[in-house]
Amino acid sequence: METKTLFNERRSINFFDKTKEMDEQTLKEIINLAVLAPSAFNLQPWRIIVVKSENSKEKLFKLSNTQDKVKEAAVNLILIGKKNAWDNSNLVWQEMLKSVGGNKQMVDGAKQAAAFLYGSSDERSRKFAESNTGLLAMAIMIAAKEYGVDTHPMSGINFDGIHNEFGLREDDTVVMIIAMGYSDKSKTLYPRRPRLMFDEIATIL
Ligand SMILES: Cc1cc2nc3c(=O)[nH]c(=O)nc-3n(C[C@H](O)[C@H](O)[C@H](O)COP(=O)(O)O)c2cc1C
């Protein structure tokens, strides 16, 4: 699909067709395309829990202000930001070392910079994890559209509740959830609401 069309046609879908499952291969292809999203130092500070079983959906539904789409969608993604992904344990550093021909000094410099920029306060770690994972979220929604899959992002959720119920780590932060599936064509989506345009949101200095 042409990029302009993708942007014009992506909508937050309120009604999913409960009878339509999404095959795992399609989900994998969407995610594997979306991970081309940019991230700071290419550190990719994110991970995803795919909520697919009825039991897990029910738990998520209760922690999402009982938004019906959570139960109706084929799957829901919990997008998790990793606040500590700047640290030494991130395998991306090893890949970076290879890709710069073993130049350890260069990689150590990047590690030091990342430790300061993203690890020197809780605010910096959180911004790092959540801003990068936000870009992944948009990439997933656009990639899904390319595969004919509809989505709905949600942050009207109980972040701490999801964190606890799904056994997340201390350094994880729940960024949002995204319901995914196929829209129920028998229902009409509300018209798209207008956006604030360049002249209203941008300042040229
Ligand atoms: C981060 C984020 C959180 C959102 N949370 C919710 C939510 O909890 N429930 C909901 O019904 N819509 C939610 N929305 C959907 C927005 O209301 C929707 O994107 C907006 O109205 C624009 O509509 P469109 O996506 O169809 O263009 C959320 C959207 C974003 C980006």
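Please read all numbers here as calculations on a predicted model, not as lab measurements. Counting starts at 1 for both ligands and their atoms, in listed order. For this chain, numbers begin at 1 and follow the sequence in order.
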Residue set satisfying side chain to side chain contact (heavy atoms under 4.5 Å, CB included) with T19, at least two apart, ordered chain then number -> D17
With T173 as partner, the option from K82, E130, K83 fulfilling side chain to side chain donor-acceptor pair (under 3.5 Å) is E130
Donor-acceptor pairs under 3.5 Å, side chain of residues 45-52 to any protein atom, not counting sequence neighbours: which ones?
residue : atom : partner : partner atom : Å
R47     : NH2  : D172    : OD2          : 2.8

Sorted by chain and residue number, the residues with a non-hydrogen atom under 4.0 Å of ligand 1 are R10, R11, S12, Q67, K69, H152, P153, M154, S155, G156, R192, R195
Here the gap from E72 atom CD to I13 atom CD1, rounded to the nearest 0.5 Å, amounts to 12.0 Å
By ring pair (Phe, Tyr, Trp, His ring centres under 6.0 Å), Y118 pairs with (sequence neighbours left out) F128
* Asked: Taking R126 for the side chain and G81 for the main chain, is one N or O donor matched with an acceptor at less than 3.5 Å?
  -> no
